[in-house]
Amino acid sequence: MSDTAITVIAKIVAKPDKIEEVKQEALALIPTTRAEEGCIDYVLHQHTENSALFCFYENWRSKADLDAHLQKPHL
C-alpha cells in the first residue's frame, strides 16, 4: 500500500438528551489528536439545522498514521 494522504469523514449522531455531552467530548479530542504524528487536520462540524449531527473532517499523512490514531486510548 502506498503512503498517500487519507481523508476521513466521521459522522456522529447524538441522542437528543446527549447533544451537549457529545459535543464536549468531541471537542476534547481535538487538541490531542491534532498533536499526533501524521495529523494534517482534524476539524469538528455541527450541523446548523440538526444539532445532534456532528462530523469530523480529518486528513492524515498516511494510512499508517490513521491506523496509529485509531489505536490511541483517547479514542
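In this chain, residues are counted from 1 in sequence order. The structure presented is a predicted model; accordingly, all values stated were derived computationally and were not measured. Worth knowing before you read on, the calculation uses all heavy atoms, side chains too, and leaves out hydrogens, waters and symmetry mates.
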Side chain to side chain, [X] and [Y], heavy atoms closer than 4.5 Å:
X     : Y     : answer
Glu37 : Arg61 : yes
Leu53 : Lys11 : yes
Thr33 : His74 : yes
Ile9  : Glu58 : no

Practice problem: Taking all heavy atoms of Ser51 and all of Ile19, pick out the closest pair and write down the distance. | Solution: O-CG2, 3.3 Å

Self-check item: Partners passing ring pair (Phe, Tyr, Trp, His ring centres under 6.0 Å) against Phe54 (at least two apart in sequence or in another chain)
Solution: none

With a cut-off of 3.5 Å and sequence neighbours excluded, list every side-chain donor-acceptor pair involving residues 20-30.
unit_1, atom_1, unit_2, atom_2, d
Glu20, OE2, Gln24, NE2, 2.7
Glu21, OE1, Lys18, NZ, 3.4
Lys23, NZ, Gln46, OE1, 3.3

Should [X] and [Y] be regarded as members of a common hydrophobic cluster, given that ILVMFWY residues are connected when their side-chain heavy atoms come within less than 4.5 Å of each other, either directly or indirectly?
X     : Y     : answer
Val8  : Tyr42 : yes
Trp60 : Val43 : no
Leu75 : Val13 : no
Leu70 : Ile12 : yes

Quiz item: Can you check whether Phe56 and His45 have ring centres sitting under 6.0 Å from each other?
Solution: no

Self-check item: With Asp41 via salt bridge (charged side-chain N to carboxylate O under 4.0 Å, His left out) - residues at least two apart
Solution: none

